[in-house]
Number of protein chains: 2
Amino acid sequence: MNTTHAPAPATAAVTDLNQLRVACSSCSLRELCLPAGLDAREMERVDRLVNQRRKLRRGEHLYHAGNPLVALYAVRSGFMKSCVLQEDGREQVAGFHMTGDMLGMDAISSGRHMCDTVALEDSELCEIPYSYLEQLSRELPSLQQQLHRIMSREIVRDYGVMMLLGSMKAEERMAAFLLNLSQRFAARGYSSAEFNLRMTREEIGSYLGLKLETISRVLSRFQQDGWIAVRHKHIRIRKADALHQLLGQR
Amino acid sequence: MNTTHAPAPATAAVTDLNQLRVACSSCSLRELCLPAGLDAREMERVDRLVNQRRKLRRGEHLYHAGNPLVALYAVRSGFMKSCVLQEDGREQVAGFHMTGDMLGMDAISSGRHMCDTVALEDSELCEIPYSYLEQLSRELPSLQQQLHRIMSREIVRDYGVMMLLGSMKAEERMAAFLLNLSQRFAARGYSSAEFNLRMTREEIGSYLGLKLETISRVLSRFQQDGWIAVRHKHIRIRKADALHQLLGQR
DNA sequence: CACCGTATTTGACCTACATCAATACCTTCA
DNA sequence: TGAAGGTATTGATGTAGGTCAAATACGGTG
């Protein structure tokens with residue numbers, strides 16, 4: 001990055017812009033995120049809920065396992081991963097998070113986070129103080145509903161991962177992984193056919209319960225079959241059908 | 001079972017007893033279950049929330065995937081399993097549930113259940129109408145907190161299963177499974193060292209991402225090592241330390 | 001632009017678990 | 001009480017994916 005460039009043109013009105021950009025009501029993600037389904041009056045109150053943003057550079061932690069629960073977080077931009085760790089040091093990626101995803105719900109049960117969450121690229125997060133969220137969701141039924149939906153969605157997602165880890169073979173896991181990413185990018189208005197992986201082969205492997213070499217081999221095989229084109233972290237899906245079939249069959 | 005025995009002595013006052021037994025305030029599970037942390041006044045209102053009990057015979061479904069969300073359920077007695085299924089018919093056990101556990105949170109996100117839940121032995125469940133629960137939890141902060149804690153606990157539990165499926169080998173999975181059961185029985189006042197498995201080897205295998213033969217073999221090996229005594233479904237843990245060590249090490 | 005550390009690919013070989021198969025054992029129900 | 005069907009054990013063999021190793025490619029840095 002050329003540091004001699006002038007700062008971004010917005011500098012003159014930083015405070016205002018921050019104000020503006022932090023508001024859920026003017027956020028392009030509002031239909032994906034916490035305020036989904038709220039009306040204008042309700043949205044206004046939620047705007048005040050999200051009182052801060054947090055910027056993370058690639059590699060920085062949002063929270064560590066053991067940290068006390070302070071807030072939940074919504075990904076505004078960037079890409080994150082969550083890892084569970086065992087006493088013996090083994091670590092496993094429990095999820096990848098992108099724009100609009102809510103983070104930190106693992107901490108509600110005990111008041112302490114149970115996993116590490118790290119930025120895989122420079123990211124920005126909205127910080128939602130938890131006690132205030134609890135309070136406001138008592139006053140706004142739609143917010144309460146959405147919070148419950150989001151937690152439940154996480155439970156359902158986890159069931160999917162169990163299925164993947166417990167009863168799929170390497171190629172099926174990879175197909176499921178690629179299609180899931182593709183579909184999530186699509187839901188955010190990006191191409192479903194072409195995207196960049198933000199994580200390493202090792203991180204994919206950890207998430208899928210496989211070794212990095214296996215990830216590499218499976219990707220190569222998919223490419224040879226003409227189902228995808230891989231170049232480093234760039235993926236193009238050529239035959240989504242074939243990938244879907246791999247899952248549906250057997 | 002000798003069917004010529006007279007019915008239980010309580011028959012004369014069935015209605016009253018049902019009333020009594022359905023009340024959270026007089027339920028021995030209240031500290032494990034939804035009303036944990038409520039004071040007397042709050043408990044009274046929750047009593048009215050749980051308006052029905054449901055009895056299931058072994059093998060009967062509590063709900064199927066696709067059923068609309070009506071209520072959440074608390075296990076009063078018995079033993080249940082939840083299974084996720086794929087299009088192709090493959091099914092995987094996502095969890096085993098015992099006394100005091102809450103069920104059905106998977107349905108909140110979409111309004112439909114995402115898994116099947118089945119009784120592994122004759123069981124009794126408290127039915128908690130969801131819309132009423134939402135409403136009451138807006139009025140009772142402690143109830144809201146407990147509901148959130150329960151959902152979060154489920155998320156954390158799922159992380160544990162991911163860890164298990166994604167990065168542990170057969171013996172470790174089995175050790176983790178046995179210790180988890182043991183600890184849950186202990187929390188309910190039963191022996192932590194001796195209990196009956198309510199599920200088949202195949203169901204354990206499905207949960208742990210292994211085949212039933214592997215389950216059988218690992219149990220035999222543990223027995224040969226003198227760590228446990230197995231006879232059919234009866235388990236006695238002889239060296240919990242050894243099992244713990246198996247997990248902590250590496 | 002050259003260098004270094006990290007990420008990726010690919011091959012050869014090995015092992016943990018799956019698969020297949022035979023037997024034994026419970027449980028249940030007539 | 002006995003027969004049938006589900007459940008569990010154990011052995012023999014196969015294989016998907018792990019492990020080890022080497023070659024290559026890349027991005028960041030001075």
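Quick note on labels: first sequence line is chain A, next is B, and so on, each numbered from 1.
Residue B:T214 places at least one side-chain N or O closer than 4.0 Å to OP1 or OP2 of C:dA18. Contact annotation: B:K169 does not reach the phosphate of C:dC17 (side-chain N/O to OP1 or OP2, under 4.0 Å). OP1 or OP2 of D:dT10 has at least one side-chain nitrogen or oxygen of B:S220 nearer than 4.0 Å.
Under the rule for a salt bridge (Lys or Arg N to Asp or Glu O under 4.0 Å), B:E213 has no partner lying at least two apart in sequence or in another chain. Under the rule for a salt bridge (Lys or Arg N to Asp or Glu O under 4.0 Å), B:E202 has no partner lying at least two apart in sequence or in another chain. B:T117 pairs by the side-chain contact (heavy atoms from CB on, under 4.5 Å) definition with B:L62, B:Y63, B:M80, B:S82, B:L103, B:C115, not counting sequence neighbours. Partners of A:H61 under the side-chain contact (heavy atoms from CB on, under 4.5 Å) rule, at least two apart in sequence or in another chain, are A:H64, A:D116, A:V118. Residues that satisfy the side-chain contact (heavy atoms from CB on, under 4.5 Å) test with B:S77, not counting sequence neighbours, are B:E124. The salt bridge (Lys or Arg N to Asp or Glu O under 4.0 Å) check on A:R157 picks up A:E154, with sequence neighbours excluded. Legend: residues meeting side-chain contact (heavy atoms from CB on, under 4.5 Å) with B:E91, ordered by chain and number and at least two apart, are B:K81, B:C83, B:L85.
Across all strands shown, A:L210 has heavy atoms under 4.0 Å from sugar-phosphate atoms exclusively, and none from any base.
Between the CG atom of B:L197 and the C1' atom of D:dT7 there is a distance of 13 Å, given to the nearest Å. In this structure, the CZ atom of A:R173 is 14 Å from the P atom of D:dA16, given to the nearest Å. We find that CG of A:L120 is positioned 16 Å from C1' of C:dT6, with the value rounded to whole Å. In this structure, CG of B:L212 is placed 10 Å from P of D:dT7, rounded to the nearest angstrom. B:R221 places its CZ atom 11 Å from the P atom of D:dT10, with the value rounded to the nearest Å. With rounding to whole Å, A:L219 atom CG is found 10 Å from C:dT10 atom P. As a whole-Å value, the separation of A:Q224 CD from C:dT10 C1' is 11 Å. When rounded to the nearest whole Å, the span between CD of A:E203 and C1' of C:dT8 equals 14 Å.
The side chain of B:R201 has D:dT9 as its nearest neighbour among C:dC17, D:dT19, D:dT9. Counting only heavy atoms from C-beta on, A:T200 has its side chain closest to C:dA7 among C:dA7, D:dT19, C:dT10.
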Which pairs would a plain distance check flag for residues 221-238 of chain A, meaning a side-chain donor or acceptor within less than 3.5 Å of a matching protein atom at least two apart in sequence or in another chain?
{"unit_1": "A:R221", "atom_1": "NH1", "unit_2": "A:E171", "atom_2": "OE2", "d": "2.5"}
{"unit_1": "A:Q223", "atom_1": "OE1", "unit_2": "A:V230", "atom_2": "N", "d": "2.8"}
{"unit_1": "A:K233", "atom_1": "NZ", "unit_2": "A:M199", "atom_2": "O", "d": "3.4"}
{"unit_1": "A:H234", "atom_1": "NE2", "unit_2": "A:E194", "atom_2": "OE2", "d": "3.4"}

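Judged as a salt bridge (charged side-chain N to carboxylate O under 4.0 Å, His left out), the pairs with a partner in residues 176-190 of chain B (not counting sequence neighbours) are, in order, B:D101-B:R184, B:D101-B:R188.
Comparing B:G209 and B:R58 against DNA chain C, the residue whose closest nucleotide sits nearer the 5' end is B:G209.
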Shorter than 3.5 Å, N or O on both sides, protein versus nucleotides 20-23 of chain C: list them out with atom names.
{"unit_1": "C:dC20", "atom_1": "N4", "unit_2": "B:E213", "atom_2": "OE2", "d": "3.3"}

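Under the 4.0 Å criterion applied to side-chain N and carboxylate O atoms, A:E121 and A:R198 are assigned as salt-bridge partners. Remark: A:D241 does not engage A:K239 in a salt bridge, criterion side-chain N to carboxylate O under 4.0 Å.
DNA chain D is contacted by B:K233 of residues 225-234 of chain B, taking any non-hydrogen atom closer than 4.0 Å.
Terminal axes of the helix from C:dC1-D:dG30 to C:dA30-D:dT1 (five pairs each, C1' rotation axis) are separated by 50°, to the nearest 10°.
No more than 12 heavy atoms of other residues, nucleotides or ligands lie within 6.0 Å of CE in B:M114, so this atom counts as exposed by the packing criterion.
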